[in-house]
Amino acid sequence: MSFAASSLQAFRSCTGALSSRTLARPALSRCQTRISRLGSRSYSEQKEPSQEESKQEPPKEEARTDQANESNAKCADLQAKLKAKEDEVTDLTGRLRYLQADFLNLQRNAAREKEQTRDFAITKFAGDLLETVDVLSIALKSVPPEALKSSKADSSSTPESNDSSSSSTPATPLPKNHETYLHELHQGVEMTQRQLLQTLFKYHVKPFDPTGDKFDPNQHEALYQAPVPGKEPGTVIDCQKIGYKIKDRVLRAAQVGVAQDTS
């Protein structure tokens, strides 16, 4: 009796344990499935935003790169325009400097031409007067200085000569002798030449005598050549007509004779 009861009790306990195990296993499996589903949902929910973010991020980066490229293009365009303007300013500055230099040169040339026109305006007139000066010079040279000295020495004896001439000839005596008239004529011509030269000096017309100078074809006109001992060849030995200048410009070349090489 006791053995049967104990075995019955053991059988019941075994069946109860088995039933509890069978009941617990489906519940555990259900919980695991629910947990797995919840985890998959949460993982999917967490994954989906990251995928959306990954889909949305590339457009932002592309927009940034586009903006950067556009700004770089604008900067390059502005730099090119600035460089072009700088080149234009440099070109215009150079042209302005050239124009200023040309204008200053034009002013200097105009002032020089004005001064030359004023100084050399009487060139033709002065050239025509030079022949008159030459004639006066020839007239002065026609009377030798000895004749002038003899006329001065004989001026004291003019009354006696006049008395003797009056006694010998009935003609009316001259108040002066021929030598005195000649001397006065010479003085008059000399004064005329001096006055004419002074008038020419006022207009910067000056004579020059190149005797003894080296022959210069720009200032001298050679009329002849002659061998002269002791003279260097090419030296002016005689001046037939003196030359004239207006300031530094030759108005008339001097007509000269030149020493010739004797070898």
Inset, instruction - Over all heavy atoms of both residues, which pair between Asp213 and Asp209 is shortest? Give the atoms and the distance, please. - result: OD2-O, 4.3 Å
Inset, instruction - Measure across Tyr244 and Phe208 and return the closest heavy-atom pair with its distance rounded to 0.1 Å. - result: N-CE2, 3.3 Å
Inset, instruction - For residues 90-99, pull every pair meeting salt bridge (Lys or Arg N to Asp or Glu O under 4.0 Å), keeping only residues two or more places apart or in separate chains. - result: Asp91-Arg95
Inset, instruction - Answer whether the closest heavy-atom distance between the side chains of Asn218 and Val250 falls below 4.5 Å. - result: no
Legend entry - Gap between atom CG of Asp134 and atom CZ of Arg252 - 0.5 Å precision: 4.0 Å
Legend entry - Taking every non-hydrogen atom, the tightest pair across Arg112 and Asn109: NH1-OD1, 2.8 Å
Inset, instruction - Find the distance between CG (Leu182) and CD (Gln187) and round it off to the nearest 0.5 Å. - result: 10.5 Å
Inset, instruction - Step through the shown structure and confirm whether more than 12 heavy atoms of other residues, nucleotides or ligands are within 6.0 Å of CG on Asp102. - result: yes
Legend entry - Shortest non-hydrogen separation from His220 to Pro210 and the atoms involved: NE2-CB, 3.1 Å
Legend entry - With sequence neighbours excluded, residues passing side-chain hydrogen bond (donor to acceptor under 3.5 Å, both in side chains) with Asp87: Lys83
Inset, instruction - State, yes or no, whether a side-chain contact exists between Arg194 and Leu197 at a heavy-atom distance under 4.5 Å. - result: no
Legend entry - Test: Glu232 and Lys214 ion pair at under 4.0 Å: yes
Inset, instruction - Hey, could you give me the NZ/CD distance between Lys81 and Glu88, rounded to the nearest 0.5 Å? - result: 13.5 Å
Inset, instruction - Could you grab the distance from atom CG of Leu196 to atom CZ of Phe201, nearest 0.5 Å is fine? - result: 10.0 Å
Legend entry - Pairwise distance CD(Gln225) to CD1(Ile237) - rounded to 0.5 angstrom: 9.0 Å
Legend entry - Inter-residue atom distance Leu140.CG - Leu185.CG, 0.5 Å rounding: 9.0 Å
Inset, instruction - Check for a donor-acceptor pair, side chain of Asn69 on one end and backbone N or O of Thr65 on the other, with a separation under 3.5 Å. - result: yes
Inset, instruction - Could you work out the complete set of other residues in the hydrophobic cluster of Phe215, with links drawn between I, L, V, M, F, W and Y side chains under 4.5 Å apart? - result: Val236, Val256, Val258
Inset, instruction - May I ask whether Ile242 and Leu129 are part of the same hydrophobic cluster, defined by side-chain heavy atoms of I, L, V, M, F, W, Y residues being less than 4.5 angstrom apart, directly or through others? - result: yes
Legend entry - Heavy-atom side-chain proximity of Lys245 to Lys206 below 4.5 angstrom: no
Inset, instruction - Side-chain contact test, heavy atoms from C-beta onward, threshold under 4.5 Å: evaluate it for Asp238 versus Leu223 and give yes or no. - result: no
